[in-house]
Amino acid sequence: MTVTVIVGTQWGDEGKGKITDLLARDMDMVVRYQGGNNAGHTVVIGKETFKLHLIPSGIFYDNVLCVIGNGVVIDPAVLITELETLHERGLKADNLRISSQAHVIFPYHRKIDAAQEKKREAGRIGTTCRGIGPCYVDKFNRRGIRIGDLYNEKLFREKLEWNLEEKGFQLREFYGEKITFDIEAIMEEYLGYAHNIRKYVVWDCSGLIGEAIEKKKDILLEGAQGTMLDVDHGTYPFVTSSNPIAGGACTGAGVGPKNIDDVLGVVKAYVTRVGSGPFPTEIEGKLGDELREKGGEYGATTGRPRRCGWFDAVVMKHAARVNSLTQLAITKLDVLDDMPKIKVCVAYKDKKGNLVKNFPGTLEYLAECQPVYEEYDGWMQDTTKIKDYKDLPANAKKYLDKLSELAGVRIYMVSIGAERGQIIKL
Ligand code: IMP
């Protein structure tokens with residue numbers, strides 16, 4: 001029996017979907033603990049590609065209970081579309097459970113997200129404009145409407161009325177949007193969604209997970225985004241509005257920290273980021289473009305091109321510490337197959353020439369830091385069909401060893417392609 005947390009160690013898009021899908025097979029339960037439909041998981045099964053934003057990847061296994069925890073923010077229209085896609089392909093998804101305490105995204109959240117981005121101009125975060133941030137704001141401001149509220153029409157109406165009044169004012173008066181909300185239409189729409197998802201809703205989700213822990217089941221707690229997008233430990237304010245780090249699994253699923261046995265960090269063999277914000281090892285120009293094309297680095301949710309960069313050990317060590325990583329899953333090693341030279345950032349240097357080993361606590365200091373690189377010879381060989389670690393080219397093993405040494409964490413698996421079978425276990 002193990003409770004494992006799976007986290008992204010960079011700026012998201014590390015390939016957690018594939019690793020979760022692989023691990024889910026042997027799990028009794030997979031729980032998503034934060035984020036919303038800002039995330040996107042691509043799972044390739046044979047010739048079929050599935051893009052999931054909210055539903056945990058474990059949904060493809062009937063015997064795995066898939067839980068959307070209290071820490072997630074849910075756009076019900078997106079959830080229902082995902083369910084329909086699964087149904088159309090013959091997947092019943094009867095193994096889905098949704099916490100009644102998860103918060104609901106409304107049209108005003110999406111409008112505020114977009115209006116804020118429009119008004120911010122220079123300081124634009126580059127959000128996915130899915131209403132994620134404004135929904136979390138309401139949660140923490142105690143104005144939020146939770147899944148469970150949708151089943152109490154009187155309470156739902158009261159909360160919605162209040163929110164529409166407040167958000168309408170904010171959007172019109174501050175953001176200059178010409179907007180009015182029709183409460184009856186929103187009520188009708190959301191009561192329809194509530195009816196549609198009723199059978200999946202669980203009223204004591206933490207209790208459900210707790211029982212599974214007591215029964216010594218294997219449980220995977222799945223985070224979205226990544227450590228550097230964490231609202232507390234990422235590159236604030238260029239972050240998402242929840243806690244993707246392992247600690248977020250405790251609050252977002254209702255599990256105590258002593259119940260967590262393993263924390264698996266998913267690490268891309270290079271680094272990418274979508275949206276604005278600092279990215280010390282970013283590769284500009286032709287090489288960055290090549291990496292993007294080779295790695296198919298376009299956002300699973302918004303289709304935006306991802307910025308690409310070299311592996312950053314300062315970020316890696318930060319992630320190892322704030323998540324208490326116990327193991328690593330390295331992904332997309334194959335994307336580097338035909339790189340003659342590969343750089344690894346081993347530390348930063350600030351403008352006074354001091355070596356910086358811990359990730360800077362402010363963006364101002366980070367801006368003064370330059371990456372210190374070591375350069376490695378590439379392996380210039382196709383790795384996509386390799387099944388055994390010992391068969392990897394010597395230079396690829398050297399590169400992996402270096403990443404593990406810099407992280408101070410052992411490698412558990414290496415992914416060398418999008419297919420389920422393209423994985424090397426150590
Ligand atoms: P938000 O989460 O939509 O508020 O966006 C905040 C920041 O997080 C932006 O830079 C987004 O591009 C980024 N972001 C949100 N979700 C993901 C993800 O799943 N992968 C990578 N970046 C993400």
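What's counted below: heavy atoms across the whole structure, side chains too, no hydrogens, waters or symmetry copies.
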Practice task
Please indicate whether Y236 has more than 12 foreign heavy atoms, meaning atoms of other residues, nucleotides or ligands, lying under 6.0 Å from its OH.
Solution key: no
Between the CD1 atom in I105 and the CG atom in N37, the distance rounded to the nearest 0.5 Å is 5.0 Å
Query raised in the report: Got a sec: does the CD of E165 have more than 12 other heavy atoms crowding it under 6.0 Å?
Result: no
Would you please test Y33 and V5 for side chain to side chain contact (heavy atoms under 4.5 Å, CB included) and show each step? CA-CA 10 Å; Y33 60 79; V5 180; 3.7 Å; yes
Quiz prompt | Pairing of E297 and K268 as salt bridge, 4.0 angstrom limit | solution = yes
> How about D28 and M1: do any of their side-chain heavy atoms sit closer than 4.5 Å?
Replying inline: no
For the pair E184 and R157, evaluate salt bridge (Lys or Arg N to Asp or Glu O under 4.0 Å) and give the outcome as yes or no after the intermediate values. CA-CA 9 Å; E184 297 311 327; R157 181 179 287 276; 2.9 Å; yes
Exercise for the section: Output, in order, the C-alpha distance, side-chain angles, deciding distance and verdict of ring pair (Phe, Tyr, Trp, His ring centres under 6.0 Å) for F60 and F50. Expected result: CA-CA 10 Å; F60 301 108; F50 295 86; 4.7 Å; yes
- Message: Can you confirm whether Y412 is buried at OH, in the sense that more than 12 heavy atoms of other residues, nucleotides or ligands lie under 6.0 Å from that atom?
- Response: no
Does the distance from a Lys or Arg side-chain N to an Asp or Glu carboxylate O, for R130 and D113, drop under 4.0 Å?
-> no
Shortest non-hydrogen pair, A246 vs V7, comes out as N-CG1, 3.7 Å
Checklist line | R307 bridged to E282 by N-O distance under 4.0 Å | finding: yes
Minimal heavy-atom distance between L325 and L264, with the atoms involved, is CD2-C, 4.3 Å
N38-Q225 side chain donor-acceptor pair, cut-off 3.5 Å
yes
- Evaluate the criterion side-chain hydrogen bond (donor to acceptor under 3.5 Å, both in side chains) for residue pair S415 and K18; output intermediate values, then yes/no. CA-CA 9 Å; S415 167; K18 175 178 170 178; 3.1 Å; yes
query = When the ring planes of Y193 and Y190 are compared, do they come out parallel, tilted or perpendicular, using 30° and 60° as the limits?
reply = perpendicular
Q: For residues L79 and I55, determine if any side-chain heavy atom of one lies less than 4.5 Å from a side-chain heavy atom of the other.
A: yes
Is there a side-chain contact between L403 and I330, using heavy atoms and a 4.5 Å cut-off? yes
Would T272 and R292 satisfy side-chain hydrogen bond (donor to acceptor under 3.5 Å, both in side chains), going step by step from the backbone distance to the final call? CA-CA 9 Å; T272 60; R292 181 176 313 113; over 6 Å; no
Test salt bridge (charged side-chain N to carboxylate O under 4.0 Å, His left out), reference E177, set K167, R172, K118, output is K118
Exercise. Is Y108 close to P134 at the side-chain level, that is, under 4.5 Å between some pair of heavy atoms?
Worked result: no
inquiry  = If you count heavy atoms of other groups shown closer than 6.0 angstrom to CD of E188, is the number above 12?
reply    = no
(message) Under 4.0 Å between a side-chain nitrogen and a carboxylate oxygen: does that hold for D337 and K294?
(response) no
| query | Should the ring pair F359 and H318 be called parallel, tilted or perpendicular, given that the plane angle runs from 0 to 90° and is split at 30 and 60? | reply | tilted
query = Should we count NE2 of H87 as having more than 12 external heavy atoms under 6.0 Å?
reply = yes
- Task: Run the salt-bridge test on R110 and D75 with the 4.0 Å N-O cut-off and return the result as yes or no.
- Result: yes
For V64 and M27 the tightest heavy-atom approach is CG2-O, 3.4 Å
Here the gap from R142 atom CZ to D138 atom CG, rounded to the nearest 0.5 Å, amounts to 11.5 Å
Exercise for the section: Taking the six-membered ring of F311 (Phe, Tyr or Trp), confirm whether the NZ or CZ of K343 is under 6.0 Å from its centre and within 45° of its axis. Expected result: no
Review point. Is K51 close to H41 at the side-chain level, that is, under 4.5 Å between some pair of heavy atoms?
Key: no
Beyond-backbone contact of R143 with N163, side-chain heavy atoms, under 4.5 angstrom: yes
Please check if atom CD in E153 has more than 12 non-hydrogen atoms from other residues, nucleotides or ligands closer than 6.0 Å.
no
query: Are N323 and T9 linked by a side-chain donor-acceptor pair shorter than 3.5 Å?
result: no
One should read off an interatomic distance between E117 CD and I125 CD1, to the nearest 0.5 angstrom, of 6.0 Å
Determine whether T4 and L221 satisfy the following criterion, side chain to side chain contact (heavy atoms under 4.5 Å, CB included), listing intermediate values before the conclusion. CA-CA 6 Å; T4 305; L221 304 172; over 6 Å; no
Less than 3.5 Å apart, any donor N or O on the side chain of N95 or D62 sitting next to an acceptor on the other? no
Heavy-atom nearest pair, R273 first then L229, reads NH2-CD2, 3.9 Å
Check: Can the positive tip of K111 be found less than 6.0 Å from the middle of the six-membered ring of Y175, inside 45° of the ring normal?
Finding: no
Answer yes or no: is there an ion pair linking K16 with E222, defined by an N-O contact shorter than 4.0 Å? no
Test log, rule ring pair (Phe, Tyr, Trp, His ring centres under 6.0 Å), inputs Y270 and W310:
CA-CA 5 Å; Y270 49 98; W310 298 115; 8.8 Å; no
On the six-membered ring of Y298, is R304 placed so that its NZ or CZ lies under 6.0 angstrom from the centre and within 45° of the ring axis?
no
